[in-house]
Amino acid sequence: MRRLRPLAVIALLTILLVVSDHPFPPPSEPDRESRTAVVALGDSTMSGEGAGSYEPGTNGEDGGNWCHRSREAEIMKTDVEADQKINLACSGANSDKLRNEQLPELGKIARSNRVVAIVVAIGANDDPRFSEILNKCFEAWGKRSDCTSAVAPEWSKRVRRMVPKVENTLSAIRQTMRDSAYLDSDYQLVVQSYAAPVSPKMPRSLQNLSGCPLRTTDLEWVVEEAVPELSNGLRAAADKVNARFLDLARAGDGHEACTGKPGTEWFTRLSVDWDGLKNEKRASHALQESFHPNALGHEQIGRCLTEFLATDKRDGACVPRLDGSLGLTTES
């Protein structure tokens, strides 16, 4: 085969460049715009604590963490147009841990993907220490006393101290995205509140170690005062950074732990890892899954979150429907 002379090759390339639209584009890195992602940040209610099916390395194995990131977590059950659903939430996280441990990972994701939504559940492990209060109510049941008289007077102060911490964390999320060349309008930032995992309407036969060892008066305070006030504090923090707010305060109505048959409950009852109790390294986490949304609960919350992300409403709330599913209601 006859070889082209160098001058002929140059002439041929010149002709191709003139008559075509750059047939030989230079190689380039993959464009982040071609890959979309939804990211979950926060604590146990977002990581999937209580739903089981935890990602390897997040269940305390081999000295790993106890984030309990579940494949059944609500973010994985959310039907949204995105190439990836990424769960960075970690059981036990407070505002400081979210900023220090989860935001660096968010930055990496934002630079290599187009993040279309960030869903955050944080605050309960700051000053309110909600799980600690439930533990105190559990201990009070064993002592045949109430916990409300000890914690209720301080609750409002705890929530007020939490608000600026959550606001600072949400501002740090905004800044992380700006540092990754995003405008605030390029993605949805959704702040999610907490559902009451228990109800005073539970049968007395389950107010014990077989289900929910909590006193009725304490349960009334949790549902009627503590959870709504916590939601109002989180709403205030979301407003400060122009984030959307999804209220879960009433999300568990009629489906709390110990209110019916296990198949209709969206929250775990008292859960004990009996095998873990035999292991010194795991014993302190043996009750960790108690009173969190279970897999069915995460599926229901994910359905409501799907509806919310599809709207342009600033605020929304998840409430049970007559057909037994969880649905979205929005404020005008």
Side-chain angles (χ1 to χ4, degrees), residues 38 40 42 44-53 70-82 85 87 117 119-121 188 190-207 211-212 214 216 219-220 222-224 226-228 230-232 234-235 244-271 289-332:
V38 174
S44 57
T45 58
M46 186 62 70
S47 72
E49 179 77 77
S53 190
S70 173
R71 300 179 185 88
E72 303 297 320
E74 69 168 271
I75 197 66
M76 301 303 174
K77 299 298 182 179
T78 301
D79 186 6
V80 60
E81 292 186 7
K85 299 172 186 176
N87 189 357
V119 187
V120 187
Q188 296 189 57
V190 175
V191 178
Q192 180 176 294
S193 69
Y194 300 85
V198 288
S199 168
K201 298 177 183 179
M202 74 173 69
R204 291 294 296 271
S205 60
L206 290 176
Q207 287 180 269
C212 299
L214 301 162
T216 299
L219 293 169
E220 289 173 346
V222 168
V223 173
E224 298 171 9
V227 169
L230 181 58
S231 287
N232 289 336
L234 292 168
R235 186 194 303 271
R244 303 180 70 197
F245 180 72
L246 184 61
D247 189 358
L248 299 190
R250 294 178 292 153
D253 284 358
H255 298 274
E256 299 94 340
C258 299
T259 52
K261 297 178 181 179
T264 66
E265 294 172 8
W266 297 346
F267 298 83
T268 57
R269 299 181 178 189
L270 179 67
S271 302
E289 293 182 303
S290 301
F291 307 121
H292 285 84
N294 56 26
L296 183 57
H298 276 277
E299 180 180 353
Q300 294 290 337
I301 296 170
R303 178 182 291 116
C304 182
L305 177 59
T306 297
E307 294 182 34
F308 187 56
L309 291 173
T311 74
D312 59 0
K313 298 295 185 179
R314 177 69 175 269
D315 288 359
C318 297
V319 295
R321 292 171 170 155
L322 293 177
D323 65 2
S325 66
L326 191 65
L328 176 71
T329 178
T330 58
E331 300 178 4
S332 58

Set of salt bridge (charged side-chain N to carboxylate O under 4.0 Å, His left out) partners for Glu265, sequence neighbours left out: Arg269
Listed by chain and number, what are the side-chain hydrogen bond (donor to acceptor under 3.5 Å, both in side chains) partners of [X], not counting sequence neighbours?
X      : value
Thr268 : none
Arg244 : Gln188, Thr311
Glu74  : Gln192
Lys77  : Glu72

Pairs involving residues 319-328, ordered by first then second residue, that meet side-chain hydrogen bond (donor to acceptor under 3.5 Å, both in side chains) (sequence neighbours left out): Glu307-Arg321, Asp323-Ser325
Got a second to check how far [X]'s [atom1] is from [Y]'s [atom2], nearest 0.5 Å?
X      : Y      : atom1 : atom2 : result
Cys258 : Lys201 : SG    : NZ    : 15.5 Å
Ser199 : Leu214 : OG    : CG    : 11.0 Å
Leu246 : Arg235 : CG    : CZ    : 10.0 Å
Met76  : Glu299 : CE    : CD    : 14.5 Å

What pairs with [X] under side-chain contact (heavy atoms from CB on, under 4.5 Å), at least two apart in sequence or on another chain?
X      : result
Pro228 : none
Ala251 : Ala195, Leu248, Cys318, Leu326
Pro197 : Phe130, Leu134, Phe267, Phe291

Heavy-atom pair with the smallest gap, counting every atom of [X] and [Y]:
X      : Y      : value
Asn87  : Ala73  : ND2-CB, 3.8 Å
Val227 : Tyr194 : CG1-O, 3.4 Å
Ser193 : Ala249 : OG-N, 3.9 Å
Gly254 : Thr259 : O-OG1, 3.7 Å
Ala196 : Glu256 : O-CG, 3.5 Å
Val80  : Lys85  : CG1-CE, 4.3 Å

Donor-acceptor check, side chain of Ser70 to backbone of Gly52, threshold 3.5 angstrom: yes or no? yes
Which pairs pass ring pair (Phe, Tyr, Trp, His ring centres under 6.0 Å) with one or both residues in residues 246-265, sequence neighbours excluded? His255-Trp266
Do Thr306 and Asp79 have side-chain N/O donor and acceptor atoms under 3.5 Å apart?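 Their side chains do not contain a donor-acceptor pair, so the 3.5 Å distance test is not met.
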Arg303, CZ: over 12 other non-hydrogen atoms inside 6.0 angstrom: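 Above 12, so yes.
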Before giving the answer on side-chain contact (heavy atoms from CB on, under 4.5 Å), spell out for Met202 and Gln207 the whole-Å C-alpha distance, their side-chain angles and the decisive distance to 0.1 Å. CA-CA 7 Å; Met202 74 173 69; Gln207 287 180 269; 3.3 Å; yes
With His292 via ring pair (Phe, Tyr, Trp, His ring centres under 6.0 Å) - residues at least two apart: none
Does Asp315 form a side-chain contact (heavy atoms from CB on, under 4.5 Å) with Asp247? I'd like the steps, not just the answer. CA-CA 8 Å; Asp315 288 359; Asp247 189 358; over 6 Å; no
